[in-house]
There are 2 protein chains.
Amino acid sequence: MMIEPNQPLPRTNSGSDLKTVLNKEGFRLTSQRQKILELFRDIALDHHLSAEEIHHQLVAQGEKISISTIYRALHVMVRLGLLQELELAEDRKYYELSTPFTSHHHHLVCVQCGAVQEFEEVSISDVGVGETQTRGFVLLNSQFTIYGVCPLCQSRLRS
Amino acid sequence: MMIEPNQPLPRTNSGSDLKTVLNKEGFRLTSQRQKILELFRDIALDHHLSAEEIHHQLVAQGEKISISTIYRALHVMVRLGLLQELELAEDRKYYELSTPFTSHHHHLVCVQCGAVQEFEEVSISDVGVGETQTRGFVLLNSQFTIYGVCPLCQSRLRS
DNA sequence: TGATTTATTGAAAATCATTATCACTATCAG
DNA sequence: CTGATAGTGATAATGATTTTCAATAAATCA
């Protein structure tokens with residue numbers, strides 16, 4: 001970890017391009033960072049990727065980029081509020097585009113097969129907003145994750 | 001990972017002692033497992049500990065127990081529904097006693113200093129129950145975690 | 001525009017929490 | 001009480017994430 005240029009900040013996602021957002025915080029626009037963000041913009045809004053997966057995808061499409069760079073870029077983008085970091089069980093972290101919508105979408109994970117389903121629930125985000133306000137916190141992110149066993153795995157286990 | 005004896009199960013926390021609960025699933029009662037659970041019962045109900053912290057505490061109070069054993073015991077206890085596994089940011093996992101109450105308590109984490117505050121919110125657990133039911137999942141666990149910056153760190157950053 | 005400053009990159013080594021291995025011990029069912 | 005086998009401890013192995021360091025490339029400014 002390093003991410004020096006500055007201190008954390010509540011959210012910096014409003015109308016401005018990547019370069020502006022980065023420079024504002026002392027970061028620089030690089031082709032690698034553009035590629036990573038483009039990748040996220042090419043897939044479904046609510047789709048999540050791990051560092052490894054991002055690396056695979058980019059290499060597959062001919063880009064020359066190091067896994068270290070992926071990790072560094074992910075940190076920066078989370079810090080800038082461009083991406084959200086997800087703890088979908090397992091051992092690795094996942095990332096998804098941070099839009100006004102994603103803050104209302106949550107995850108249901110099957111601990112057997114690892115399948116992840118998304119679902120919307122505004123009331124949950126509301127709780128997060130309220131809770132941080134009453135305690136004087138600056139809200140950065142919140143996530144509601146449910147762990148369970150999906151129907152398929154249930155029958156698979158019974159057999 | 002191994003935890004062989006059986007397949008996952010929804011929750012096994014009802015009225016019976018540790019030995020019974022363990023044996024029912026083919027696990028054995030050992031002094032190490034007792035010590036770990038006692039430790040959790042000695043601290044506040046909503047307090048969470050990492051594997052490392054548990055090991056420290058036990059060694060400090062004179063027990064001779066290996067860190068490997070801690071990890072193995074934690075897996076077993078999560079599997080039996082005795083403990084809940086928490087993803088409180090950072091890189092390590094935390095565990096806390098699983099009571100009828102803890103399922104309604106959630107976490108607010110300061111990403112600066114790492115301080116964690118608990119809060120109750122039944123409506124959130126309800127969403128989890130509803131969501132799993134409509135999708136046919138067996139609910140194992142759910143957690144709502146909010147990440148932000150606490151008041152102290154905010155002023156600390158401003159200065 | 002060109003020079004200067006310094007963030008960024010890539011590759012490889014280093015971390016560090018968690019897991020697996022293996023020989024030995026202890027629990028539990030019969 | 002005894003055999004079958006789960007559990008333990010010590011240590012090696014894993015694997016995701018970080019750090020290091022020399023080389024490169026944005027941003028800034030003259």
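Within every chain, numbering begins at 1; the chains are lettered A, B, ... in the order of the sequence lines, protein sequences first and strands thereafter.
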How long is the line joining CG of A/D91 and P of C/dT19, in whole Å? 8 Å

When you check the side-chain N and O atoms of A/E121 and A/S123, is any donor under 3.5 Å from an acceptor? yes

Start at the 5' end of DNA chain C and walk down; is the nucleotide closest to A/S66 or to B/K19 reached first? A/S66

Does A/R92 put a side-chain nitrogen or oxygen below 4.0 Å from OP1 or OP2 of D/dG15? no

Of the candidates D/dG7, D/dT17, D/dA10, the side chain of B/S68 sits closest to D/dA10

How close do B/C150 and A/F137 get, counting heavy atoms only, and between which atoms? CB-CZ, 3.5 Å

Roughly how many Å is it from CD1 in B/I36 to P in D/dG7, rounded to a whole number? 12 Å

Would you say D/dT24 has OP1 or OP2 under 4.0 Å from some side-chain N or O of A/K64? no

Contact class for A/I67 (heavy atom, under 4.0 Å): base, sugar-phosphate, or nothing? nothing

Once you apply a heavy-atom cut-off of 4.0 Å, does B/T30 come out as touching a base, just sugar-phosphate, or nothing? sugar-phosphate

Report yes if a side-chain nitrogen or oxygen of A/H75 is closer than 4.0 Å to either non-bridging phosphate oxygen (OP1 or OP2) of D/dT18; otherwise report no. yes

Nucleotide D/dT17, atom P - distance to CD of A/E53 in whole Å: 11 Å

Can you tell me which nucleotide in C/dC28, C/dT19, D/dA16 comes closest to the side chain of B/Y71? C/dT19

Connected via hydrophobic side-chain network under 4.5 Å: A/I43 and A/V59: no

Rounded distance in Å - NE2 (A/H55) to P (D/dT18): 16 Å

Does B/E96 offer a backbone N or O that forms a donor-acceptor pair with the side chain of B/E85 under 3.5 Å? no

Answer yes if B/I146 and A/V129 sit in the same cluster of Ile, Leu, Val, Met, Phe, Trp and Tyr residues linked by side chain heavy atoms under 4.5 Å apart, and no otherwise. yes

Quick check for you: among D/dA4, D/dA27, C/dA11, whose closest atom lies nearest to any side-chain atom of A/R28? D/dA27

DNA chain C: B/N23 or B/E52, which has the more 5' nearest nucleotide? B/E52

Between C/dT21, D/dT17, C/dT18, which nucleotide has the shortest distance from any of its atoms to the side chain of B/R72? C/dT21

If I take atom CG in residue B/L18 and atom P in nucleotide C/dT27, what distance separates them, rounded to the nearest angstrom? 13 Å

Whole angstrom is fine here: how far is it from CG in A/L80 over to C1' in C/dA7? 14 Å

Counting side-chain heavy atoms from C-beta on, which of C/dG10, D/dG7, C/dT8 comes nearest to A/Q32? C/dG10

What's the closest nucleotide to the side chain of B/I65 if the choices are C/dG10, D/dG9, D/dT17? D/dG9

